[in-house]
Amino acid sequence: MAGRFITLEGGEGTGKSTQIRRLASALETRGIKVLATREPGGAPGAEQIRKLMVEGEPGRWDPITETLLAYAARADHVARTIGPALLAGSWVISDRFNDSTFAYQGVGRGVPRETIRRIDAAVLDDFAPDLTLILDLDVTIGLERARARSGTENRFEKLGADFHEKLRQAFLDIAKRNPDRCRVIDAAGTEDQVAEAIFAAVSHRFDL
């Protein structure tokens, strides 16, 4: 079976990491080889760039520098992890991909959409996920979950509720712009309910 590329997107604390584990397990029980990964990160060089992006104070980088860091990490991730896994027939599930840059650095931090689109085209050359699941959750709940999970705040969690509400709306707008690729998942339910909704969307998209 050919490899498939699935991404999970959404704001902080929406449960992406947990649901990726659940989805990977469900696919593996059906005999599908799965690689779970994340952004920024997912390859040795990209993980080093991740530390630059998520640690420190909110103003550590200006928006365009942050965007370029994201795409430097993404280029390494695709070349060293995602691409080889897909060629080997694995299904790849990534916690975030380029939609997060359009949301965080674009809508959230004000980098023009066209600027990001041009960088995206140069780095990815039209490479895109086969399916994107956008986990949608009330911002206040998401931030509370994120802080409870880690006990500390990363750079983006420190940016405040207004910033994160813009992110939420940005992801919903991405779903509207890309109805063939994206599905919005209500992340307010129980872990089991969200996992069931995700697997239903994956099953429908790939005829499992």
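For reference, positions follow the sequence shown, starting with 1.
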Over all atoms of both residues, closest heavy-atom pair of [X] and [Y]:
| X | Y | answer |
| --- | --- | --- |
| I93 | I20 | CG2-CG1, 3.8 Å |
| D76 | A43 | OD2-CB, 3.3 Å |
| S17 | D95 | OG-OD2, 3.1 Å |

Once rounded to the nearest 0.5 Å, what's the spacing between atom [atom1] of [X] and atom [atom2] of [Y]?
| X | Y | atom1 | atom2 | result |
| --- | --- | --- | --- | --- |
| R60 | M53 | CZ | CE | 10.5 Å |
| D120 | T115 | CG | OG1 | 12.0 Å |
| E9 | L133 | CD | CG | 10.0 Å |

So, is the end of the R74 side chain (NZ or CZ) under 6.0 Å from the ring centre of F97 and within 45° of the ring's axis? yes
Within 45° of the axis and under 6.0 Å from the centre of the six-membered ring of F199, does NZ or CZ of R22 qualify? no
Ion pair [X]/[Y], N-O distance below 4.0 Å:
| X | Y | value |
| --- | --- | --- |
| R21 | E191 | no |
| E114 | R117 | yes |
| D173 | R177 | yes |
| E12 | R96 | yes |

So which pairs with a foot in residues 121-130 pass side-chain hydrogen bond (donor to acceptor under 3.5 Å, both in side chains), sequence neighbours left out? none
Quick one: are [X] and [Y] in side-chain contact, heavy atoms under 4.5 Å?
| X | Y | answer |
| --- | --- | --- |
| D99 | R181 | yes |
| V92 | T37 | yes |
| L35 | W91 | no |
| H164 | R168 | no |
| V107 | F171 | no |
| I185 | D136 | no |
| I174 | L172 | no |
| T7 | E39 | no |

Parallel, tilted or perpendicular, judged at 30° and 60°: which one describes the rings of F127 and F5? parallel
T65 (side chain) donor-acceptor with W61 (main chain) under 3.5 angstrom: no
Taking atom CG as the centre, does D192 end up with more than 12 heavy-atom neighbours from other residues, nucleotides or ligands that are less than 6.0 angstrom away? yes
